[in-house]
Amino acid sequence: MTRSERVLGSAIEAIGETPLVRLSRLTRDLNGAVLAKLEHLNPGFSKKDRIARQIIEDAEEQGRLKPRQTVVELTSGNTGTGLAIVCGIKGYPFVAVMSKGNSAERARMMSALGAEVVLVDQAPGSKHGQVSGDDLKRVEEEAQRVVAERKAFRADQFRLAGNFRAHYLHTGPEILRQTGGAIDAFCDFVGTGGTFAGCAAAFKEHNRSILCFIVEPAGAAVLAGGTVTNPSHRIQGGGYSMTELPLLRPEHVDGYIQVSDERAVAFARRLAREEGIFGGFSSGANVAAAVELLRGPCQGKTIVVTICDSGLKYLSTDLWQ
Ligand SMILES: Cc1ncc(COP(=O)(O)O)c(C=O)c1O
């Protein structure tokens with residue numbers, strides 16, 4: 001029996017197994033296909049539900065998380081929402097530490113799901129809606145303080161293998177099953193790099209010639225070796241100008257693509273209007289990058305992207321006018 005044909009024990013079991021949709025209208029005039037994995041349909045409306053579940057269940061299995069122990073994580077909102085869902089169902093108090101630069105809907109959603117939300121002021125010169133590497137450093141310091149104070153378990157998404165494993169064991173293999181393995185390339189906007197690393201590992205294991213591209217904000221493409229001229233880009237959820245991402249495996253990176261704020265916005269809007277897919281800035285960035293690949297080195301190929309989170313999370317921004 002497939003999952004949709006039976007009653008699930010909790011919303012945790014509703015995480016993952018998302019649909020994969022061909023963006024036929026957006027690619028009408030192009031040679032090749034873009035397939036979009038609809039991760040915004042997860043219970044917390046983002047792909048980060050997957051890592052929340054994996055990190056908590058790995059820690060339970062390894063005895064690193066005790067019953068009723070507090071869980072803490074720094075989040076741009078999506079991992080926190082996933083952790084709020086998983087921790088709420090399993091009975092762990094959860095504290096989300098988030099920059100004030102992220103959109104307000106995110107904090108409200110985490111609170112609604114039972115999380116305690118600690119908001120951290122942005123660094124001097126940072127703009128609302130634009131979370132920089134400096135902003136993230138402040139959030140990290142506060143997260144460490146709360147962990148020590150509460151003797152909490154840190155669901156460290158930048159370091160814990162659960163982030164990689166969620167995508168290596170599930171997202172990647174789901175895509176391979178849905179396509180019969182017939183994909184040529186994958187590109188993904190990187191925050192922690194967990195999605196990229198996990199999917200790329202699964203794809204390369206299946207077929208070494210599937211090309212995997214890292215997507216970064218124009219003007220903050222540090223992984224590609226660029227200098228940071230635009231630390232306050234608008235693509236929330238990644239592009240933090242961090243050169244050290246422990247989960248990334250350099251041998252799985254075939255190339256880098258840069259996407260400007262304007263192109264990310266334009267493609268998020270086109271996705272909504274032409275394909276009925278309501279994603280956020282980073283989903284727009286992923287599709288913009290895939291279209292660039294179809295116009296360039298991947299003509300005639302099939303490229304997979306993730307729709308990272310829901311457009312509902314950006315109603316307070318000018319993404320939707
Ligand atoms: C909206 C959004 N897009 C993209 C990403 C990047 O995903 P990853 O951390 O797997 O690289 C995140 C991560 O939090 C996110 O919230």
Side-chain angles (χ1 to χ4, degrees), residues 36-40 42 44-55 73-84 96-99 101-103 105-107 109-110 129-131 136 139 155-168 170-172 186-202 212-217 220 222-223 233-242 244-249 252-253 256 259 261 264-265 267-268 271 278-289 305-314 317 319:
K37 183 91 169 134
L38 304 190
E39 291 297 302
H40 65 306
N42 276 301
F45 310 119
S46 93
K47 62 184 180 181
K48 308 297 275 197
D49 287 2
R50 292 178 183 268
I51 76 155
R53 177 184 190 175
Q54 195 75 46
I55 286 174
E73 182 49 342
L74 71 80
T75 172
S76 64
N78 284 330
T79 303
T81 299
L83 284 167
V97 188
M98 188 174 105
S99 169
N102 289 120
S103 58
E105 297 87 321
R106 293 161 180 255
M109 189 169 169
M110 287 190 284
Q130 302 172 337
V131 178
L136 210 64
V139 183
D156 190 342
Q157 57 172 329
F158 279 90
R159 284 175 195 81
L160 289 178
N163 181 358
F164 168 88
R165 280 162 49 77
H167 300 292
Y168 174 67
H170 301 289
T171 320
F186 168 64
C187 60
D188 198 54
F189 179 75
V190 164
T192 63
T195 314
F196 177 89
C199 288
C212 297
F213 297 89
I214 281 181
V215 180
E216 293 186 279
V222 294
L223 297 170
H233 65 84
R234 303 194 57 204
I235 312 175
Q236 292 186 36
Y240 298 124
S241 306
M242 293 165 67
E244 293 296 314
L245 292 175
L247 299 176
L248 282 184
R249 298 185 186 174
H252 288 165
V253 184
Y256 302 86
V259 175
D261 289 350
V265 166
F267 274 93
L271 253 180
F278 199 43
F281 289 94
S282 61
S283 308
N286 282 347
V287 175
V305 296
T306 58
I307 302 303
C308 311
D309 71 352
S310 168
L312 288 172
K313 302 198 181 202
Y314 306 92
T317 75
L319 180 55

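We count ligands from 1, going down the list as the structure has it; atoms in each ligand are counted the same way.
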Evaluate side-chain contact (heavy atoms from CB on, under 4.5 Å) for Cys308 paired with Lys47, printing each intermediate quantity in order.
-> CA-CA 6 Å; Cys308 311; Lys47 62 184 180 181; 3.6 Å; yes
Of Gln236, Arg234, Arg106, the residue whose pairing with Tyr314 passes side-chain hydrogen bond (donor to acceptor under 3.5 Å, both in side chains) = Arg106
Kindly determine whether Leu245 and Phe158 satisfy side-chain contact (heavy atoms from CB on, under 4.5 Å), including the steps that lead there.
-> CA-CA 7 Å; Leu245 292 175; Phe158 279 90; 3.9 Å; yes
Using a 3.5 Å cut-off on N/O to N/O, what pairs does ligand 1 make with the protein? A line per pair would be great.
| residue | atom | partner | partner atom | Å |
| --- | --- | --- | --- | --- |
| ligand 1 | 3 (N) | Ser282 | OG | 2.7 |
| ligand 1 | 9 (O) | Lys48 | NZ | 2.6 |
| ligand 1 | 9 (O) | Thr192 | N | 2.9 |
| ligand 1 | 9 (O) | Thr192 | OG1 | 2.6 |
| ligand 1 | 10 (O) | Thr195 | N | 2.9 |
| ligand 1 | 10 (O) | Thr195 | OG1 | 2.5 |
| ligand 1 | 11 (O) | Gly191 | N | 2.8 |
| ligand 1 | 11 (O) | Thr192 | N | 3.3 |
| ligand 1 | 11 (O) | Gly193 | N | 2.8 |
| ligand 1 | 14 (O) | Lys48 | NZ | 3.4 |
| ligand 1 | 16 (O) | Asn78 | ND2 | 2.8 |

Is a side-chain donor-acceptor pair under 3.5 Å present for Thr306 with Asp188?
-> yes
Rounded distance (nearest 0.5 Å) linking atom CD1 of Ile51 with atom CG of Leu160 = 9.0 Å
For Phe196, ring-ring contact (aromatic ring centres under 6.0 Å, His included) partners two or more places apart = none
